[in-house]
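Here is the structure we will look at.
All residue numbers in this chain count up from 1 along the given sequence. Whatever order the structure lists them in is the order used to number ligands and atoms, beginning at 1. Keep in mind that what you see is a predicted model, and the values were worked out from it rather than measured.
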Amino acid sequence: MTTSAEHIGVSERRSAHNYHPLPIVIHEAHGAWVTDVEGRRYLDFLSGYSSLNFGHGNPKILQTAHEQLDNLTLTSRAFYHDQFAAFCAGLGDLTGKDMILPMNTGAEAVETAIKVARKWGYQVKGVAPEQANIIVMEDNFHGRTTTIISFSTDPDAHDDFGPYTPGFTVVKYGSVEAIRDAIDANTVAVLLEPIQGEAGVLVPPDGYLRQVRELCTSQGILMIADEIQSGLGRTGKTFACDHEGVVPDMYILGKALGGGVVPVSAIAADEDVLGVIKPGQHGSTFGGNPLACAVGNAVIEILNTGEFQERAAQLGEVLHARLREMIGHGVVTVRGRGLWAGVDIDPSLATGREVSKALMARGVLAKDTHGSTIRLAPPIVISQEDLLWAVDQLADAIASFR
Ligand SMILES: *Cc1c(COP(=O)(O)O)cnc(C)c1O
């Protein structure tokens with residue numbers, strides 16, 4: 001197979017249609033740029049949904065991965081290995097938490113957080129058996145397992161996959177009152193994204209996270225922040241919660257934690273919470289494997305320098321200033337933080353997908369989220385020049401529909 005058309009033809013026939021990819025077949029990538037099988041180059045403005053925060057083929061991460069591949073790749077958790085302690089201690093220090101529970105994918109880490117919160121509810125808080133309840137948000141995205149989609153409000157994610165897992169109460173995102181009204185004696189946790197990525201990079205009102213934190217503390221329930229997409233530098237801070245000086249009881253991390261190389265996820269919490277899990281009660285064959293931990297350790301070292309957080313903050317200012325100029329020129333609203341933006345295109349002009357295709361024709365890869373929203377999340381290694389060039393392409397792509 002040589003041409004894009006051939007690859008796409010076979011993929012369409014032989015793979016399930018659970019995604020609707022743009023018609024590009026990528027062959028290689030470095031930094032913020034990808035090259036397709038015909039040799040055309042594109043600027044990546046999606047970063048694997050923020051899995052590639054540190055760029056494609058980040059030299060430090062790749063070198064670590066290569067060395068680890070040659071030494072040791074898998075032990076299972078039946079034994080310790082020499083990358084494990086550094087990963088747990090390093091991620092614990094980065095999050096300010098006592099303990100780590102490593103998994104692989106984001107959804108698994110969310111499942112882990114749900115299990116830990118429930119066990120904590122029964123064993124520490126004293127909730128009656130089988131009654132634990134977790135408050136979640138409208139338009140949430142936490143992954144694709146049957147339990148997680150049970151509390152999704154997106155019909156595509158949710159419908160026809162029942163029977164559904166009980167124990168969740170959905171409330172409006174951004175409203176502290178809605179959470180307060182939903183809390184009862186069986187509530188064990190509030191689970192939220194500090195910025196809702198899949199929903200269109202929705203930033204909650206100022207003070208919301210702080211008020212949720214205070215409410216959870218005063219009510220004796222856990223605040224769980226799903227920072228899988230918002231965390232690890234994307235917003236200009238290590239965690240999106242940092243923008244409000246908020247520390248949740250549990251962080252859920254994934255995506256960029258794997259450096260764009262392997263799936264690495266984890267939850268981080270203090271011992272009074274994560275200590276409820278005892279041998280045999282949770283696990284994963286691949287979770288915390290040597291390759292994952294080595295790559296994770298490289299990511300943690302990168303984050304400890306603060307360079308990427310700083311860069312995302314600086315370039316984010318540039319990005320948002322330029323995007324704001326487009327409001328009224330085919331753009332209705334712009335949201336986001338750091339190097340992360342949701343751009344609502346005037347729906348009378350084009351759908352998000354149509355704009356994404358027009359953008360691809362101009363050499364920039366981005367993806368629509370819902371309806372007429374485009375999500376912009378370039379690798380943080382991007383140059384300012386490339387960033388501004390890509391936004392010019394977006395303006396041009398939108399103008400082509402006017
Ligand atoms: C991507 C994502 C997940 C799920 O991660 P997977 O690795 O795809 O299972 C969960 N929560 C948020 C906020 C995400 O962006």
Quiz item: Is a salt bridge present between Lys172 and Glu177, judged by a nitrogen-to-oxygen distance below 4.0 Å?
Solution: no

Quiz prompt | Asn133-Thr187 side chain donor-acceptor pair, cut-off 3.5 Å | solution = no

Quiz prompt | Closest contact, heavy atoms only, Ala107 versus Thr145 | solution = CB-CG2, 3.9 Å

Quiz item: What residue and atom, counting heavy atoms only, is the protein's closest point to atom 6 (P) of ligand 1, and at what distance?
Solution: Gly106 N, 3.4 Å

Quiz item: Going by an N to O cut-off under 4.0 Å, is there a salt bridge joining Arg322 and Glu325?
Solution: yes

Quiz item: What residue and heavy atom of the protein are closest to atom 11 (N) of ligand 1, and at what distance?
Solution: Asp226 OD2, 2.7 Å

Quiz prompt | Residue portion contacting ligand 1 (non-hydrogen atoms closer than 4.0 Å) for Glu108 | solution = neither

Practice problem: Write out the residue and atom name of the closest protein heavy atom to atom 4 (C) of ligand 1, then the distance separating them to 0.1 Å. | Solution: Ala107 N, 3.7 Å

Exercise. Could you name the option among Lys255, Glu198, Met103 that has the heavy atom nearest to atom 14 (C) of ligand 1?
Key: Lys255

Exercise. Just let me know how Tyr49 lines up against ligand 1, side chain, backbone, both or neither, with a heavy-atom cut-off below 4.0 Å.
Key: neither

Quiz item: Between Arg375 and Glu198, does at least one N-O distance fall below 4.0 Å, as a salt bridge requires?
Solution: yes

